[in-house]
Amino acid sequence: MTNDNFNEIIERSIKIRKSYHELELKQNGKVWTIEQDALGFLSDAGLVGRNTMSHEKTWSKANSDEELEHKLAESIWWIINLSDRMDIDIKVTMDKFLNKTENLFK
């Protein structure tokens with residue numbers, strides 16, 4: 001993936017989250033807090049675990065592969081939006097993480 005593609009993914013993710021904020025305002029009179037966003041992420045991450053178990057045939061759930069794909073991508077979407085709301089540059093942070101982790105194996 002090129003940096004331009006990652007930038008586009010980030011921009012699209014944030015735009016979609018802003019649309020959800022508008023919906024939250026209509027439904028609840030306020031947007032979700034960062035903590036509520038984190039709980040949304042954790043709920044979806046839990047579903048990644050459950051659907052992975054189904055994928056590996058250790059949990060019986062029909063047709064879970066499509067949901068697994070969706071929840072994996074949604075988890076990345078949540079992380080992008082959480083980092084944006086907390087003023088953390090996910091591109092810089094990801095690069096630092098990869099560099100540090102790669103150095104463990106040198």
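What you see is a predicted model, and the numbers here were worked out from it, not measured in a lab. Scope of the values below: all heavy atoms of this structure, side chains included, with no hydrogens, waters or symmetry mates.
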Rounded distance [0.5 Å steps], CG in Asp44 versus OG in Ser75: 5.5 Å
Under 3.5 Å: donor-acceptor pair, side chain of Ser83, backbone of Ile80: yes
Ionic contact status for Arg17 with Glu24, cut-off 4.0 Å: yes
Residue pair Lys61 / Met53, side-chain heavy-atom distance below 4.5 Å: no
Neighbour count >12 (heavy atoms, 6.0 Å) for atom CG, Asn63: no
Heavy-atom side-chain proximity of Lys91 to Asp95 below 4.5 angstrom: no
Non-hydrogen atoms of Leu68 and Thr52 that approach each other most closely: CD1-OG1, 3.7 Å
Contact list for residues 13-37, test ring pair (Phe, Tyr, Trp, His ring centres under 6.0 Å), sequence neighbours left out: Tyr20-Trp77
Heavy-atom side-chain contact between Leu47 and His70 under 4.5 Å: no
Cluster check Leu23, Phe41: I/L/V/M/F/W/Y, side chain < 4.5 angstrom: yes
Leu72 with Ile76, same ILVMFWY side-chain cluster at under 4.5 Å: no
Under 3.5 Å side-chain donor-acceptor pair for Asp37 and Trp78: no
Atom CD of Gln27 with >12 non-hydrogen neighbours under 6.0 angstrom: yes
Shared hydrophobic cluster for Ile14 and Val31 (ILVMFWY, side-chain gaps under 4.5 Å): no
Candidates Ile9, Ile16, Ile10 - the one meeting side-chain contact (heavy atoms from CB on, under 4.5 Å) with Ser13: Ile9
Side-chain heavy-atom pair Ile34, Leu82 within 4.5 angstrom cut-off: yes
Any side-chain heavy-atom pair of Glu8 and Arg12 under 4.5 Å: yes
Glu102 side, atom CD; Phe97 side, atom CZ - distance, nearest 0.5 Å: 9.5 Å
